[in-house]
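Shown next, in structure tokens, is the structure this report addresses.
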Number of protein chains: 2
Amino acid sequence: MPDLDELDTAILAELQSDARKTNRDVAAAVGASPTTTLDRTRALREKGVIRGSVLDVDLDSIGRPVQALITVRLDRPSRARIEDFRDWVSSLPETLAVFVTSGQEDFIVHVALPDNNSLYAFMVDRLTERPEVADVRASIVYEHLRNDRVTPANTRPRKD
Amino acid sequence: MPDLDELDTAILAELQSDARKTNRDVAAAVGASPTTTLDRTRALREKGVIRGSVLDVDLDSIGRPVQALITVRLDRPSRARIEDFRDWVSSLPETLAVFVTSGQEDFIVHVALPDNNSLYAFMVDRLTERPEVADVRASIVYEHLRNDRVTPANTRPRKD
DNA sequence: ACAAACAACCGTATTTAATACGGATAGAAT
DNA sequence: ATTCTATCCGTATTAAATACGGTTGTTTGT
């Protein structure tokens, strides 16, 4: 597991505010040369620290303004059943993200839909049609805030 | 509210699999010229359909492998109290994302921490120190899958 | 019906960024 | 001391992004 120094951490911070920032801009912000910054960024990708970059799409303007978190409990949640349901639900067009959890539920599914009727239909038609689904419960999401400052637990000082 | 045609939708799909894909690659994939693709992409940004791009960082390799969804209920959840707590919790370093919800809870907070002890400390020290917090409950997240095919609810045919 | 205005698309030329490569410096190992 | 390695950077080259103008086709107005 790679431990990261201050320069790596600074690069991650810059790219988190905007993953499409140019390498030159990142370099200027962190106070290193473009070459060094590119080397570091590539290394972070190769080490798997940076897994990719995701487009942040406004759900209202693509006609899906209603968000919900749907808690799902399975009947007899064996590994096979969990993985089956996980794969199925994560590929539905309504789904934004899937959390596989422990606790009182087995899944929490984040969905975005055009309106409340679609949400109701999704719950009672699509989810409940799966025989292994024992229970579902929806919480409407009014707001979804991301923290764009995801920092490493500990950072090694830069060897100067 | 902008309705999007097939070309816009195709561009969004391409950039969702990798937000750093070059404009030329996107153009080749959607079957349009780089110029047209750049025009469209810029327009999508200006219209607010594309809000930005987020780096996908591997939480294990930055020393925060333990994820949880923490359900929070406030005492007397007025607007002011909700917004206060929202702003406070969303800026904590442990927080990845915050959902403001209706239902049996007021918030669902997605956090990433180094280990289970840190999670316990976060719950009983940090959250419970806030007087307006009436109740908290954690679900450990074993897996977090994102759907990288977030498509518009309806797409207008391209005027050809 | 006709002309004007507009929208969508693309090609070319220019500017800017990404990349490859090699050199310099410094610390660690032998 | 010398070699090895890691880190950083500058330069030259390649590739992409951008600005701009031209073409086509559709809508708008008279």
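Predicted model, so just to flag it, every value in this text is computed and none were measured. Letters A, B, ... are given to chains in the order of the sequence lines, protein chains preceding strands, and every chain is numbered from 1.
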Could you state the [atom1]-[atom2] distance from [X] to [N], rounded to the nearest angstrom?
X         : N       : atom1 : atom2 : answer
Lys47(B)  : dA7(C)  : NZ    : C1'   : 12 Å
Glu6(B)   : dC9(C)  : CD    : C1'   : 16 Å
Lys21(A)  : dA18(C) : NZ    : C1'   : 18 Å
Asp5(A)   : dT7(D)  : CG    : P     : 8 Å
Leu38(B)  : dA19(D) : CG    : P     : 8 Å
Asp8(A)   : dA6(D)  : CG    : P     : 15 Å
Arg156(B) : dA7(C)  : CZ    : C1'   : 12 Å
Asn23(A)  : dC8(D)  : CG    : C1'   : 14 Å

Any [X] side-chain N or O less than 4.0 Å from OP1/OP2 of [N]:
X        : N       : result
Arg20(A) : dA18(C) : no
Thr36(B) : dC10(C) : yes
Arg40(B) : dC9(C)  : yes

Would Phe107(A) and Phe85(A) count as a close aromatic pair, with their ring centres under 6.0 Å? yes

Taking for Leu7(A) and for Arg42(B) the nucleotide of DNA chain D with the nearest heavy atom, the one nearer the 5' end belongs to Leu7(A)

5' priority, DNA chain D, between Thr35(B) and Asp25(B) [closest heavy atom]: Asp25(B)

Could you please spell out the steps behind the salt bridge (Lys or Arg N to Asp or Glu O under 4.0 Å) verdict for Lys21(B) and Glu14(B)? CA-CA 8 Å; Lys21(B) 195 169 282 183; Glu14(B) 281 303 313; 2.8 Å; yes

Under the 3.5 Å rule, do the base of dA17(D) and the side chain of Arg24(B) count as making a donor-acceptor pair?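 In this structure, the two groups form a donor-acceptor pair.
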
Can you name the closest pair of heavy atoms from Pro93(B) and Arg64(B) and give their distance?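 Here Pro93(B) and Arg64(B) meet closest at O-NH2, 2.9 Å.
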
So which heavy atom on His144(A) is nearest to which on His110(A), and how close?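 Between these two residues, the closest heavy atoms are ND1-CE1, 3.6 Å.
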
Can Glu83(B) and Arg79(B) be said to form a salt bridge (Lys or Arg N to Asp or Glu O under 4.0 Å), step by step? CA-CA 6 Å; Glu83(B) 292 178 352; Arg79(B) 172 178 289 270; 3.1 Å; yes

